[in-house]
Amino acid sequence: MATYLIGTYIACEAPVHAIKVLERLVPSQPTVYWWNVLIRHAVRLRFLEDVLVLYRKMQRFGWKPDHYTFPFVFKACGDLPSFRRGASVHAAVCANGFESNVFVCNAMVAMYGRCGMLDDARQVFDELCVRGIGDVVSWNSIVAAYVQGGNKKNALKMFTRMVDDHRICPDVVSIVNILPVCASLSAWLQGKEIHGFAVRNGLVEDVFVGNAVVDMYAKCGMMDEANKVFERMMVKDVVSWNAMVTGYSQIGRFEDALALFEKMREEKIELNVVTWSAVIAGYAQRDHGYEALDVFRQMQVCGSEPNVVTLVSLLSGCASVGTLLHGKETHSYAIKRILDVDGNDPGDDLMIINGLIDMYAKCKSVKVAQMMFDSIATKEKNVVTWTVMIGGYAQHGEANDALELFSKMLGQEIFIKPNAFTIACALMACSRLAALRLGKQIHCYVLRNQYESMVVFVANCLIDMYSKSGDVDAAQVVFDNMKQRNAVSWTSLMTGYGMHGCGEDALRVFDEMRRAGWMPDGVTFVVVLYACSHTGMVEQGMKYFNSMSDEYGVVPGVEHYACMVDLLGRAGRLDEALKLIEGMPMEPTPIVWVALLSACRLHPNIELGEHAANRLLELESENDGSYTLLSNIYANARRWKDVARIRSLMRHTRIKKRPGCSWVEGKKGTAAFFVGDRSHPLSQEIYKILGDLILRIKAMGYVPETSFALHDVDDEEKGDLLFEHSEKLALAYGILTSPAGAPIRITKNLRVCGDCHTAICYISTIIDHEIILRDSSRFHHIKKGSCSCKGYW
DNA sequence: ATAGGGTTAG
């Protein structure tokens with residue numbers, strides 16, 4: 001009767017009741033058999049803590065665990081976090097004399113493997129071998145242990161040893177264990193051998209084996225091989241399809257992946273969460289966030305339950321298109337489904353939080369991102385947490401904050417090693433600030449830690465950093481030393497030459513890129529046209545613009561038209577620029593009108609300037625730069641009433657001019673100056689040096705260009721005096737703190753002021769420094785009175 | 001025992 005009751009309770013998956021019955025019968029009736037049955041079912045139902053409770057209880061009631069009990073207990077120990085328990089059960093095995101039982105020992109190897117205790121696993125395994133009782137399951141267990149411990153090389157070594165040295169024939173499990181190892185090591189040759197073995201022994205019929213083979217080829221990028229196996233599989237399941245879909249997606253054949261996805265739907269194969277997540281991730285990785293969101297909607301309609309992977313992919317999609325609204329929706333969904341759910345994997349929570357930080361930063365809510373970042377305890381953060389926040393600051397916040405956070409990361413007590421992504425983000429921040437010294441330090445760090453040789457994009461970031469920090473020669477050296485390059489490498493180098501007024505070099509790099517077999521894309525042409533316009537190569541630029549569609553199949557976008565307006569405008573060909581705009585096949589965006597407006601400032605033309613400014617303000621009424629430009633145009637023509645009108649308009653609409661800010665890398669860190677800044681400790685000396693210099697260059701014939709004095713329309717008190725402009729202050733500080741002969745590197749957030757440019761050229765004749773000035777548009781290398789921009793700025 | 005995920009550059 002009692003055993004009948006126990007059996008019923010187990011069948012109803014109610015082991016708690018079964019245990020109660022069992023306890024009441026103790027110690028008279030039940031046998032070890034019933035304890036074992038109970039334990040087995042508790043394992044099956046994943047009541048892992050209960051397994052250990054039962055294991056202890058049976059001993060308290062005087063029953064000895066046997067060769068049947070131990071494997072289940074080890075199974076539970078392996079899946080529970082505390083590894084101590086496993087070791088104590090190991091001791092019990094020895095105490096009860098089961099250390100020569102192959103079943104028990106195999107389970108022990110597996111348990112130690114799951115707990116990450118590889119040495120213990122290996123020791124038990126070796127003892128099995130010494131006793132000569134190791135079987136294929138033992139070998140599978142030790143291989144699996146190495147796989148789980150991330151030691152893939154050893155896993156493969158053990159597998160080879162089992163086959164070659166011990167002549168043990170792999171079974172289905174062995175193959176399914178080892179093929180993913182081949183896949184992740186890209187060891188397709190060994191994978192192919194194992195595939196052959198599986199074919200000869202009829203194991204490919206097994207759907208698990210077939211899937212593992214397909215996946216191995218797919219992960220090695222051999223989609224044709226994968227497809228052949230896939231086509232021949234008699235039995236396919238959703239895993240087989242998923243392996244193909246992700247395979248295509250990962251080698252960049254997303255179209256094929258989507259086609260298979262469609263086919264799955266046509267053939268009514270039940271899509272699971274993996275399928276949906278893979279498609280969502282595929283779209284997200286290609287910056288197609290809205291498509292990702294749409295697939296997510298379809299997934300919900302189909303009733304498939306999203307999980308962590310789905311949501312993380314979806315967040316990445318929201319981030320890629322910067323859609324805060326959908327990002328917030330996903331956030332609340334994640335709270336309901338993951339973050340507020342008890343007892344889930346803390347690693348999952350972190351993945352979601354990392355995705356959220358990234359999403360908020362990319363949706364320009366850097367403050368929210370920062371709050372989330374700060375809300376995680378330091379010891380919970382991983383390298384991605386740091387990286388997304390550093391990248392968020394670098395791209396959407398203050399680049400300074402990015403660098404501060406990067407150095408904070410390096411100084412953490414529990415050191416988290418930056419990875420290539422982290423380095424890339426830090427270098428981006430350096431690029432924005434032209435922080436050459438820090439950039440060089442990071443370059444050294446990269447060399448010491450062998451990042452560069454591994455990752456093309458780290459080297460590309462270095463090229464970008466050197467290019468934008470005023471050292472094109474260093475950029476060229478990095479480029480020359482690269483073992484592998486891609487289109488971005490070439491384009492980054494071209495940007496460097498273009499910004500430094502070396503248009504011919506930029507075009508030479510373009511030709512070399514073509515000869516090396518790389519196809520230029522839209523971005524490449526922006527860089528080519530930019531280089532032409534900043535060197536005054538109008539005809540060259542027109543030639544490239546006219547050929548890009550026919551010769552290279554790149555249809556000019558609005559950004560290319562803006563480059564052309566800039567090119568013609570800088571050369572003073574304003575009417576042609578206007579004609580080009582009027583003939584554009586698409587609506588001009590603000591960047592086009594800004595280019596025309598700037599040209600009207602450079603080559604004074606009030607009517608056209610007003611036209612451009614009006615169009616611009618229709619599109620973007622909050623652009624402070626356009627007000628400033630127009631006001632400068634009026635000032636240049638001495639139309640003070642119009643200047644005053646613009647000023648009052650700005651005051652009325654509460655549009656503030658972004659303050660000009662310049663910074664310079666001094667011996668002791670970087671010093672930043674705003675217009676009329678007197679906050680620096682050396683302020684007095686700076687103003688004195690500047691006053692002296694101005695007097696001296698005036699004697700040489702320098703005449704202040706007063707039209708630039710009205711640059712700072714919103715703050716008459718501070719900014720009206722030309723010599724208080726931030727770039728002049730930065731120069732004075734540079735002179736004050738640099739050793740004789742050393743170049744002074746100044747960076748300005750806006751365009752350099754025309755009067756400052758003239759003044760600095762004069763000053764360069766009477767000081768012993770080359771001046772390298774980067775503004776928001778390009779570099780000016782100023783030396784002994786002449787500037788590399790040759791007027792094209 | 002097999003399949004899916006976050007951070008990067010011109």
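Chain letters run A, B, ... following the sequence lines, proteins first, then strands; residues in each count from 1.
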The correct set of residues in residues 239-253 of chain A placing a heavy atom under 4.0 Å from DNA chain B is A:Val239, A:Asn242, A:Thr246, A:Gln250

Q) Base, sugar-phosphate, or nothing for A:Gln285, non-hydrogen atoms under 4.0 angstrom? A) sugar-phosphate

Here the residues of residues 490-500 of chain A within 4.0 Å heavy-atom distance, strictly under, of DNA chain B are A:Thr491, A:Ser492, A:Thr495

**Q.** Touch class at under 4.0 angstrom, heavy-atom based, for A:Asp171 against every strand present
**A.** nothing

Contacts of A:Asp256 meeting salt bridge (Lys or Arg N to Asp or Glu O under 4.0 Å) (sequence neighbours excluded), chain-then-number -> A:Arg253

So the contacted stretch of DNA chain B, first to last nucleotide with an atom under 4.0 Å from a non-hydrogen atom of chain A, runs from B:dA1 to B:dG10

Next on the checklist: Does A:Val388 reach a base, just sugar-phosphate, or nothing at all? Heavy atoms under 4.0 Å.
Outcome noted: sugar-phosphate

- Task: Assign A:Asn486 to base, sugar-phosphate, or nothing according to its heavy-atom contacts below 4.0 angstrom with the strands shown.
- Result: base

Assess whether side-chain contact (heavy atoms from CB on, under 4.5 Å) is satisfied between A:Glu559 and A:Phe525, documenting all intermediate values. CA-CA 10 Å; A:Glu559 65 276 21; A:Phe525 278 106; over 6 Å; no

When the side chains of residues 279-286 of chain A are checked against the rest of the protein, which donor-acceptor pairs come out under 3.5 Å, sequence neighbours left out?
unit_1: A:Arg286; atom_1: NH1; unit_2: A:Gly282; atom_2: O; d: 2.7
unit_1: A:Arg286; atom_1: NH2; unit_2: A:Ser249; atom_2: O; d: 2.5

May I ask you to say what A:Val308 touches in the nucleic acid, namely base, sugar-phosphate or nothing, with a heavy-atom cut-off under 4.0 Å? base

Classify the nucleic acid contact of A:Lys236 as base, sugar-phosphate or nothing, counting any heavy atom under 4.0 Å across all strands shown. nothing

(Q) Under 4.0 Å, counting only non-hydrogen atoms across every strand here, what does A:Asp237 touch: a base, just sugar-phosphate, or nothing? (A) nothing

_Need one value for A:Ala281: base, sugar-phosphate or nothing, where a base atom within 4.0 Å counts as base even if backbone is also close, heavy atoms only._
sugar-phosphate

With sequence neighbours left out, the residues meeting ring pair (Phe, Tyr, Trp, His ring centres under 6.0 Å) with A:Phe208 are none

